[in-house]
A.B. asks: 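Could you have a look at this structure, given as structure tokens, before my questions?
For the numbers below, each heavy atom of this structure counts, side chains included, while hydrogens, waters and symmetry mates do not.
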2 protein chains.
Amino acid sequence: MPLSHSLEKNGREPAYIRICNSLKDRIAEGVYVSGDRLPSESELCRLHKVSPMTIRRSIRILLDQGIVTTVQGSGTFVRAPHLNQVTFSLKEFFDIFKDEKRTQVKLMDVCITKADDMVSARLQIEPGQRVILLQRLILRDGDPVIYHREFLVYDPARPVIEADLEITTLYGLFEGRGQAFLKRGEMTVEAMVLDPELAGHLNTQPLLPAFRLEHLFYDFDDHPVSWGRFICRGDVLRFKATVGFGISGQKENHP
Amino acid sequence: MPLSHSLEKNGREPAYIRICNSLKDRIAEGVYVSGDRLPSESELCRLHKVSPMTIRRSIRILLDQGIVTTVQGSGTFVRAPHLNQVTFSLKEFFDIFKDEKRTQVKLMDVCITKADDMVSARLQIEPGQRVILLQRLILRDGDPVIYHREFLVYDPARPVIEADLEITTLYGLFEGRGQAFLKRGEMTVEAMVLDPELAGHLNTQPLLPAFRLEHLFYDFDDHPVSWGRFICRGDVLRFKATVGFGISGQKENHP
DNA sequence: TTGACAAAGTTATCTATATAACTTTATAGA
DNA sequence: TCTATAAAGTTATATAGATAACTTTGTCAA
């Protein structure tokens with residue numbers, strides 16, 4: 001399966017894409033290996049008979065993809081492949097919330113309580129201050145697959161509560177149109193084993209594997225507003241990743 | 001009228017970065033919300049008193065970061081935030097291999113065996129064909145934390161075996177200098193519970209939580225060469241992620 | 001041999017303009 | 001009213017340079 005880009009795409013392929021893929025191919029084939037210096041930009045201009053800006057655009061793409069590094073005044077160098085940039089997507093996790101036909105969200109409990117030490121530390125509030133405790137159950141085809149326990153800062157001035165109580169809002173908070181009140185979040189994934197209580201919530205056996213996704217969401221003032229944990233049955237969730245150089249092909253857009 | 005653009009404005013900050021952050025800030029502040037059209041490029045040129053190419057570069061960064069979408073002939077629009085692009089880094093996992101002072105790799109067993117149905121399917125070879133079975137134990141400070149079981153295609157023509165038997169090579173395969181023979185890989189993370197056998201390997205108790213990282217590595221001809229699983233004690237590994245818009249700041253380079 | 005310095009080469013940023021492809025909107029004609 | 005077309009506006013690609021900042025290397029003098 002050869003990899004010539006020139007013939008494909010009936011020649012309507014932009015020059016910067018063609019040159020970018022050409023360089024990628026040479027790297028993948030081992031013509032240039034890790035640490036090698038690529039031809040200088042002016043050299044590439046002459047080689048491909050294009051203007052400097054076009055070459056720079058090709059180099060920029062390789063730079064963004066982490067395939068090369070550039071050193072001002074020195075040159076452009078092939079980078080070693082980088083396994084530590086492997087990332088796992090949470091797409092499958094959030095797809096559970098998106099699929100409204102199969103997914104139900106059941107509100108188990110809402111109450112106002114006082115923040116203990118852990119909650120107050122996470123939400124950066126005083127211990128004993130009032131917080132909202134939400135407990136939800138996410139059902140897929142009627143079966144509980146995720147248990148969610150979340151603490152929200154209690155602020156009567158902010159219309160967070162009503163919006164957040166909306167059962168399908170969990171996904172809509174970030175994904176929905178209009179102005180979301182959350183700016184960013186941090187999440188952590190850990191492996192765990194279901195204890196009897198959680199197993200009861202999830203209507204399954206204890207001692208089964210599960211993921212614990214801890215989350216901390218911030219508002220636009222960088223104040224924490226929500227801390228909690230998703231407990232996901234291990235048999236309904238997995239994370240996938242791809243690592244390594246793509247030989248060529250796709251544009252660098254986000255379609 | 002030359003110069004006077006980049007130098008003074010904000011401490012040598014390039015114009016395209018300044019404009020990019022300015023737009024990001026407006027989006028984060030809610031001046032532009034999801035679905036809104038940004039001012040056209042020519043408009044932004046007049047506003048910021050720069051040339052079209054500079055504006056395009058700013059827009060390109062927002063595009064690459066998934067903050068806006070562009071529609072040729074129509075405009076540039078603010079995208080909804082996108083939780084499904086949340087990713088978890090495997091950096092911590094591979095850092096275990098990188099830290100040579102604390103980490104030892106113990107080769108438990110090497111043998112040549114015949115591929116069963118599952119192995120032959122993964123490695124795209126005939127059932128019964130010979131494969132190399134490797135079993136390793138990764139020790140941290142003397143304690144076993146990861147158990148690795150890997151099947152390699154047996155190809156006398158390729159000097160894979162010796163290189164791969166190198167105990168520290170697991171990390172070096174991708175990260176090392178020179179020409180690596182692996183082009184890309186796929187990995188999957190699952191939650192699991194240690195059975196007595198695995199617990200014995202890892203010198204810990206059964207029924208404890210663990211991660212199972214299944215991997216499939218391909219060579220430069222897109223043929224699978226390695227399939228296997230890492231079993232990681234759940235108490236030594238966790239994955240972290242950040243989601244949401246950054247207000248501004250960093251350049252988009254890979255330093 | 002060493003150090004200072006100049007020169008050449010390289011990437012980084014930016015200008016100003018041009019053409020093409022595409023979308024939206026306004027307009028004229030039936 | 002409806003349709004076809006034109007016009008204007010937008011992004012996409014590309015040219016052909018310019019200046020600045022930085023690195024490497026070579027040369028010359030002490």
A.B. asks: Say whether, by atom type as modelled, one donor and one acceptor occur between the side chain of B/Asp36 and the main chain of B/Val33 under 3.5 angstrom.
C.D. replies: yes
A.B. asks: Between B/Phe239 and A/Phe239, is the ring centroid distance below 6.0 Å?
C.D. replies: no
A.B. asks: Report the nucleotide, chosen from C/dT13, D/dT11, C/dT10, that has the shortest atom-to-atom distance to any side-chain atom of B/Thr76.
C.D. replies: D/dT11
A.B. asks: Which pairs count as salt bridge (charged side-chain N to carboxylate O under 4.0 Å, His left out) when at least one residue sits in residues 40-54 of chain A, sequence neighbours excluded?
C.D. replies: A/Glu41-A/Arg56
A.B. asks: Report the nucleotide, chosen from C/dT10, D/dT11, C/dT13, that has the shortest atom-to-atom distance to any side-chain atom of A/Ser40.
C.D. replies: C/dT10
A.B. asks: Just to confirm, is there a sub-4.0 Å distance from OP1 or OP2 of D/dA12 to any side-chain nitrogen or oxygen of B/Arg56?
C.D. replies: yes
A.B. asks: How would you list, by chain and number, every residue that makes a side chain to side chain donor-acceptor pair (under 3.5 Å) with A/Thr188, sequence neighbours excluded?
C.D. replies: none
A.B. asks: Listed by chain and number, what are the side chain to side chain donor-acceptor pair (under 3.5 Å) partners of A/Arg102, not counting sequence neighbours?
C.D. replies: A/Asp141
A.B. asks: Within the 4.0 Å limit for protein heavy atoms, which parts of nucleotides 21-27 of chain C are touched? Write it as a string from 5' to 3', B for base, S for sugar-phosphate only, - for none.
C.D. replies: BBB----
A.B. asks: OP1 or OP2 of D/dT13 sitting under 4.0 Å from any side-chain N/O of A/Arg57?
C.D. replies: yes
A.B. asks: Which one, C/dC14, D/dT10, D/dA14, comes nearest to the side chain of A/Ala15?
C.D. replies: D/dA14
A.B. asks: Is the phosphate of D/dT10 approached by B/Ser42 (side-chain N or O, under 4.0 Å from OP1 or OP2)?
C.D. replies: yes
A.B. asks: Using whole Å, report how far CZ of B/Arg46 lies from C1' of C/dT15.
C.D. replies: 17 Å
A.B. asks: Output the rounded distance in Å from CD1 (B/Ile55) to P (D/dT11).
C.D. replies: 10 Å
A.B. asks: Quick one: list whatever passes side chain to side chain donor-acceptor pair (under 3.5 Å) with B/Ser74, sequence neighbours left out.
C.D. replies: none
A.B. asks: Please enumerate all residues that pass salt bridge (charged side-chain N to carboxylate O under 4.0 Å, His left out) together with A/Arg26, with sequence neighbours excluded.
C.D. replies: none
A.B. asks: Kindly write out the residues that satisfy side chain to side chain donor-acceptor pair (under 3.5 Å) with A/His215, not counting sequence neighbours, or none if the list is empty.
C.D. replies: A/His148
A.B. asks: From the options C/dT10, D/dT11, D/dA14, select the nucleotide whose nearest atom is closest to the side chain of A/Arg37.
C.D. replies: C/dT10
A.B. asks: Name all residues meeting the salt bridge (charged side-chain N to carboxylate O under 4.0 Å, His left out) criterion together with B/Arg238; count only those two or more places apart in sequence or in a different chain, and write none if there are none.
C.D. replies: A/Glu190
A.B. asks: Using whole Å, what does the distance between atom P of nucleotide C/dT15 and atom CG of B/Leu44 come to?
C.D. replies: 14 Å
A.B. asks: To the side chain of A/Tyr16, which of D/dT10, C/dT13, D/dT13 is closest?
C.D. replies: D/dT13
A.B. asks: Can you check the A/His48 NE2 to D/dA14 P distance for me, whole Å?
C.D. replies: 13 Å
A.B. asks: Side chain of B/Pro52 only, please: which of C/dT10, C/dT13, C/dT17 is the nearest?
C.D. replies: C/dT17
A.B. asks: I need the CD1-C1' distance between B/Ile59 and D/dT11, as an integer number of Å.
C.D. replies: 10 Å
A.B. asks: Could you tell me the separation between the CG atom of A/Leu38 and the P atom of C/dT10, rounded to a whole number of Å?
C.D. replies: 13 Å
A.B. asks: Any side-chain heavy atom of A/Leu123 within less than 4.5 Å of one from A/Leu216?
C.D. replies: yes
A.B. asks: For C/dT13, does either OP1 or OP2 sit under 4.0 Å from a side-chain N or O belonging to B/Thr54?
C.D. replies: no
A.B. asks: Atom CD1 of A/Ile19 to atom P of D/dT13: distance rounded to whole Å?
C.D. replies: 13 Å
A.B. asks: In whole angstrom, what separates B/Glu41's CD from D/dA12's P?
C.D. replies: 6 Å
A.B. asks: Between protein and nucleotides 4-8 of chain C, what N or O pairs are separated by less than 3.5 Å?
C.D. replies:
none

A.B. asks: Among C/dA12, D/dA16, C/dA16, which nucleotide sits nearest the side chain of A/Met53?
C.D. replies: D/dA16
